[in-house]
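The analysis underlying the following values was restricted to heavy atoms, covering all of them including side chains, and did not include hydrogens, waters or symmetry mates.
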Amino acid sequence: HQLKTVQNYEQQGQVSYDKKDFRKVVFCMDRCIECSPGSVKYKIRKAECLALLKRYPEAQEIVNDLLRIDSTNADAIFVRGICLYYQDNVEKAFQHFQQVLRLAPDHAKARETYRMAKKLSQKKEEGNQAFRVGKLQLAHDTYTEALAIDPLNIFTNSKLYCNRATVLSKQGKFDEAIEDCTMAIKLDENYIKAYQRRAKCYQDKEM
């Protein structure tokens, strides 16, 4: 009976995962863990979904416990990597993804996320570079491309919106710049620079 219950929740969890309903997955994994408390697989799936729900401390606690038992668990290292990546600790995240791929070269999720993270980092840097040399339209377009790469990475995207707002304000497009600042704040309400940039845009617009 218990096995049937676990299989049922595991299937529901997979369906919810494919639909990106990560809250439901956490619920299903909790039910599975109640039936088989030793299962590493369910704990990792739960931790991954907690990370995708931006509940990083909870996700990290689970994988840290697992890594204490087995420091070479590639899936646990991967989840720790995505926690770092989504908290904008990119260099450390890259090290984790590289470590996963050394341990498990076929780890599709790690390869995919690492590729996406590198692309995002690169695009952001290209935008900054264009801005530094005064190529404003190129900077604007590059930041726009970067914003499409990973919608889940709110901290990096918040910075990208703020950077694009800086470009727009230099182009005298204050209303659009204000919108971008507001988007940046929506993603990260503690982002002081976005508030300052928005205030400056309001001032410049009045002049």
Side-chain angles (χ1 to χ4, degrees), residues 19-23 48-57 59-60 78-98 100-101 108-207:
K19 286 191 199 150
K20 295 190 172 8
D21 181 356
F22 301 124
R23 271 196 184 77
E48 183 189 343
C49 290
L50 286 169
L52 294 168
L53 290 165
K54 308 181 191 51
R55 289 160 64 181
Y56 307 116
Q60 279 164 311
F78 168 69
V79 173
R80 197 192 259 172
I82 56 174
C83 287
L84 291 161
Y85 165 59
Y86 284 128
Q87 292 178 96
D88 205 24
N89 193 338
V90 180
E91 286 311 313
K92 261 204 143 134
F94 284 176
Q95 289 165 10
H96 279 68
F97 297 144
Q98 287 159 354
V100 174
L101 293 168
K109 275 186 196 167
R111 194 175 317 121
E112 194 47 44
T113 311
Y114 184 35
R115 199 168 55 219
M116 183 169 64
K118 273 206 298 204
K119 192 174 160 192
L120 182 58
S121 214
Q122 204 177 341
K123 270 282 169 229
K124 184 180 166 200
E125 192 39 56
E126 279 171 31
N128 294 348
Q129 191 55 42
F131 180 72
R132 279 196 287 271
V133 297
K135 294 183 177 170
L136 295 180
Q137 195 51 50
L138 179 62
H140 176 280
D141 297 344
T142 309
Y143 290 140
T144 305
E145 282 171 39
L147 279 163
I149 293 171
D150 184 5
L152 287 174
N153 196 326
I154 56 171
F155 291 115
T156 301
N157 290 343
S158 177
K159 286 180 178 160
L160 287 166
Y161 273 117
C162 193
N163 289 359
R164 194 172 70 176
T166 308
V167 174
L168 287 162
S169 68
K170 281 225 185 301
Q171 294 175 319
K173 298 176 182 169
F174 299 117
D175 288 326
E176 288 177 54
I178 288 163
E179 268 173 47
D180 270 2
C181 291
T182 303
M183 283 302 298
I185 291 161
K186 235 188 213 144
L187 292 175
D188 177 9
E189 56 190 27
N190 300 317
Y191 191 21
I192 304 298
K193 201 169 152 190
Y195 290 99
Q196 291 168 334
R197 167 69 49 208
R198 188 167 66 174
K200 176 105 176 62
C201 288
Y202 277 122
Q203 268 176 337
D204 292 343
K205 198 182 144 182
E206 296 308 310
M207 283 161 85

| message | Suppose we screen for salt bridge (charged side-chain N to carboxylate O under 4.0 Å, His left out). Which residues come up paired with Lys205, at least two apart in sequence or across chains? | response |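 For Lys205, the residues satisfying salt bridge (charged side-chain N to carboxylate O under 4.0 Å, His left out) (neighbours in sequence not counted) are Asp175.
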
| Side-chain contact, heavy-atom cut-off 4.5 Å: Leu168 with Ile178? |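 No, their side chains stay 4.5 Å or more apart.
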
| message | Counting C-beta onward and ignoring hydrogens, is there a side-chain heavy-atom pair between Thr182 and Ile185 closer than 4.5 Å? | response |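 Thr182 does not reach Ile185 side chain to side chain.
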
| message | Show, in sequence, the C-alpha distance, side-chain angles and deciding distance for Glu176 and Gln171, and conclude whether the side-chain hydrogen bond (donor to acceptor under 3.5 Å, both in side chains) test is met. | response | CA-CA 10 Å; Glu176 288 177 54; Gln171 294 175 319; over 6 Å; no

| query | What pairs of residues pass the salt bridge (charged side-chain N to carboxylate O under 4.0 Å, His left out) test when at least one of them lies in residues 192-203, not counting sequence neighbours? | reply |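 Checked against salt bridge (charged side-chain N to carboxylate O under 4.0 Å, His left out) - neighbours excluded - the pairs reaching residues 192-203 are Lys200-Asp204.
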
I'd like to know if [X] pairs up with [Y] as an ion pair, taking the criterion as any Lys NZ or Arg NE/NH1/NH2 lying under 4.0 Å from an Asp or Glu carboxylate oxygen.
{"X": "Glu125", "Y": "Arg132", "value": "yes"}
{"X": "Glu112", "Y": "Arg115", "value": "yes"}
{"X": "Lys109", "Y": "Glu48", "value": "yes"}

| task | Flag yes if more than 12 heavy atoms outside Glu189 fall under 6.0 Å of its CD atom; otherwise flag no. | result |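 Atom CD in Glu189 is not packed in, count stays at 12 or less.
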
| query | Who passes side-chain contact (heavy atoms from CB on, under 4.5 Å) against Ser121, sequence neighbours left out? | reply |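 Ser121 satisfies side-chain contact (heavy atoms from CB on, under 4.5 Å) with Val90, Phe94 only.
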
| request: Taking atom types as modelled, find out whether Tyr56 and Gln87 have a side-chain donor-acceptor pair closer than 3.5 angstrom. | output: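 Short answer, no.
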
| Contacts of type side chain to side chain donor-acceptor pair (under 3.5 Å), residue Arg55, not counting sequence neighbours |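 Glu58.
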
Contact summary for [X] and [Y], nearest pair of heavy atoms:
{"X": "Tyr143", "Y": "Val167", "result": "CE1-CG2, 3.9 Å"}
{"X": "Ala165", "Y": "Cys181", "result": "CB-SG, 3.6 Å"}
{"X": "Tyr191", "Y": "Cys162", "result": "CE2-CB, 3.6 Å"}

Taking distance alone, no hydrogens or angles, what donor-acceptor pairs closer than 3.5 Å link side-chain atoms of residues 149-156 to residues at least two apart or in another chain?
residue : atom : partner : partner atom : Å
Asp150  : OD1  : Leu152  : N            : 3.1
Asp150  : OD2  : Tyr85   : OH           : 2.8
Asp150  : OD2  : Tyr86   : OH           : 3.3
Asn153  : OD1  : Thr156  : N            : 3.3
Asn153  : OD1  : Thr156  : OG1          : 3.2
Asn153  : ND2  : Tyr85   : O            : 3.4
Thr156  : OG1  : Asp88   : OD1          : 3.0

| query | By ring-ring contact (aromatic ring centres under 6.0 Å, His included), which residues pair with Phe174, not counting sequence neighbours? | reply |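 Expected list: none.
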
| message | I need the Leu84 CG to Arg80 CZ distance, nearest 0.5 Å. | response |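 These two atoms lie 8.0 Å from each other.
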
| said: Treating Ser169 as the side-chain partner and Thr166 as the backbone partner, does any N or O pair qualify as donor plus acceptor under 3.5 Å? | reply: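 Yes; at least one donor-acceptor contact below 3.5 Å.
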
| Do Ser158 side-chain atoms and Ala184 backbone N/O form a donor-acceptor pair below 3.5 Å? |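 It does hold such a pair.
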
